[in-house]
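Reading through the structure tokens given below for one structure.
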Amino acid sequence: MDQIYETLLVEVDESGICTLTINRPDKLNALNNQVLDELDQAIDDIKENYQVKSLVITGAGEKAFVAGADIKELSSLDPVSGEKVSKKGQDIFQKIEDLTIPVIAAVNGYALGGGCELAMACHLRIAFEKAAFGLPEVSLGLIPGYGGTQRLTRLVGRGKALELIMTGRQVKADEAFEIGLVNQVTEHSAIDEAKSMLTKIMKQGPLAIKNAIRAVQEAGSGKGFESEARLFGELCGTADFKEGTGAFLEKRKPNFSGK
Ligand code: CO8
């Protein structure tokens, strides 16, 4: 990755795992305009970089993943600019959700407001045991505006989503796991656990992983079953399918080419 960012750190390791770190630790990695613009650019760069096979998103420092949108910037919004900024953030987070490489949020600390919304835009979430999640926007006279009302409802159901949004209360990692907001809680490093999970995922057929993400994305769209059948059929024409089934029948490990 040649691009230099001021508010992000982006590294790709030899196995193709890209780690994107929101890097404003003195402001608990709050998402200001610059972070959002750089995140947008970084996701475009990642999409174009064939060496990147999977992505971990995390926050710098020990205290926070991301403590939300930058409240100083938020405070000067009016109805027109507010809607615009909300839409901008939604579009960037949707771009993350639409990536067809696996994306894991490694939540090392506070994931509040826009930070919780960013974590929810990732395909999976792994939380350090001391991490805390919450959508406290109502305490600022706002509602979540980066997709939180929609993604939290999808993840935890309508009743629990409304409870968390209307009270604004924080949930610790254990409770977040119990309600389905996170996939795994760890007493170790969330980044290491995320990389370990990605390493397992990356051993599967890459085209199958891509189509699995695409099919799940269609859930609830009204075209989910149709898309699943199409994406399933598409995979039946791949070398990876021949290799995966052949390896099973020959009692050996598959060696996928991604073709
Ligand atoms: N925005 C700006 N600065 C922040 C933010 C934030 N969200 N969070 C923390 N900071 C800053 C603090 O101001 C402080 O800066 P400084 O040292 O210059 O005073 C520094 O980070 C350290 O923070 P604290 O001293 O507050 O650290 P504590 O350990 O005492 O507290 C908390 C940690 C509990 C996380 C506390 O910082 C906090 O409550 N932060 C705000 C959390 C919050 O309300 N987040 C939601 C923001 S709203 C939002 O995300 C809306 C998203 C949708 C937007 C839609 C489009 C416009």
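In each ligand, atom 1 is the first atom listed, and ligand 1 is the first ligand listed. Note that the numbering runs from 1 along the sequence shown for the chain.
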Within the 4.0 Å heavy-atom shell around Asp70, which atoms of ligand 1 are there? 1 (N), 2 (C)
Should you measure from each heavy atom of Leu74, which atoms of ligand 1 turn up under 4.0 Å away? 48 (S), 57 (C)
Show which atoms of ligand 1 fall inside a sub-4.0 Å distance from at least one heavy-atom site of Leu140. 47 (C), 48 (S)
Is a side-chain N or O of Asp240 found less than 3.5 angstrom from the main chain of Gly258, in a donor-acceptor match? yes
Atom 14 (C) of ligand 1 [closest protein heavy-atom partner, distance rounded to 0.1 Å]: Asp26 O, 4.4 Å
Under a 4.0 angstrom heavy-atom cut-off, which atoms of ligand 1 come close to Leu112? 35 (C), 42 (C)
Under a plain distance cut-off of 3.5 Å, with no hydrogens placed, do Glu218 and Ser221 share a side-chain donor-acceptor pair? yes
For ligand 1, does Ala30 get within less than 4.0 Å through its side chain, its backbone, both, or neither, judged by non-hydrogen atoms? side chain
Among side-chain atoms of Lys88 and Asn33, is any donor-acceptor pair under 3.5 angstrom? yes
Quick one: are Met197 and Glu193 in side-chain contact, heavy atoms under 4.5 Å? no
Out of all atoms in ligand 1, which are within 4.0 Å of some heavy atom of Glu117? Include the element for each. 52 (C), 53 (C)
Could you verify whether a donor N or O on one side chain and an acceptor N or O on the other, from Glu97 and Gln94, lie under 3.5 Å apart? yes
Could you find the nearest protein heavy atom to atom 1 (N) of ligand 1 and give me its residue, atom name and distance? Ile71 N, 2.9 Å
Is atom 12 (C) of ligand 1 near the protein, in the sense that some protein heavy atom lies at less than 4.0 Å from it? no
Can you name the atoms of ligand 1, numbered from 1 with element, that are less than 4.0 Å from a heavy atom of Pro136? 43 (C), 44 (O), 45 (N), 46 (C)
closest protein heavy atom to atom 8 (N) of ligand 1 is Ala67 CB, 3.6 Å
Ligand-side contact atoms (ligand 1) for residue partner Lys63, heavy atom cut-off under 4.0 Å: 27 (O), 28 (P), 29 (O)
Under 3.5 Å, N or O to N or O, is Ile143 touching ligand 1 that way? no
Under 3.5 Å between any N/O of Lys27 and any N/O of ligand 1: does that happen in this structure? yes
Is atom 26 (O) of ligand 1 near the protein, in the sense that some protein heavy atom lies at less than 4.0 Å from it? no
Quick test: of every protein heavy atom, which one is nearest to atom 23 (O) of ligand 1, and how far off is it to 0.1 Å? Leu28 CD1, 3.6 Å
Nearest heavy-atom neighbours spanning Leu99 and His123: O-CE1, 3.2 Å
One finds that the ligand 1 atoms under 4.0 Å from a non-hydrogen atom of Leu77 are 57 (C)
Is any side-chain heavy atom of Phe93 closer than 4.5 Å to one of Leu118? yes
If we ignore hydrogens and angles and just use 3.5 Å, is the side chain of Thr199 paired with the main-chain N or O of Lys195 as donor and acceptor? yes
Quick one: do the Asn108 and Thr58 side chains pair a donor with an acceptor below 3.5 Å? yes
Determine yes or no for a side-chain-to-main-chain donor-acceptor pair under 3.5 angstrom, with Glu38 supplying the side chain and Thr7 the backbone. yes
More than 12 foreign heavy atoms under 6.0 Å from CD of Glu62: is that the case here? no
Just need the protein heavy atom nearest to atom 53 (C) of ligand 1, so name the residue and atom and give the distance. Gly145 N, 3.4 Å
Pairing donors with acceptors under 3.5 angstrom, does anything connect the side chains of Tyr5 and Asp45? yes
Taking both backbone and side-chain atoms of Gly114, is any N or O found less than 3.5 Å from an N or O belonging to ligand 1? yes
Protein non-hydrogen atoms only, distance under 4.0 Å: does atom 37 (O) of ligand 1 have such a neighbour? yes
Counting non-hydrogen protein atoms only, what is the nearest one to atom 51 (C) of ligand 1? Give residue, atom name and distance. Glu137 OE2, 3.3 Å
Smallest heavy-atom separation, Ala131 atom then Gly109 atom, equals CB-O, 3.4 Å
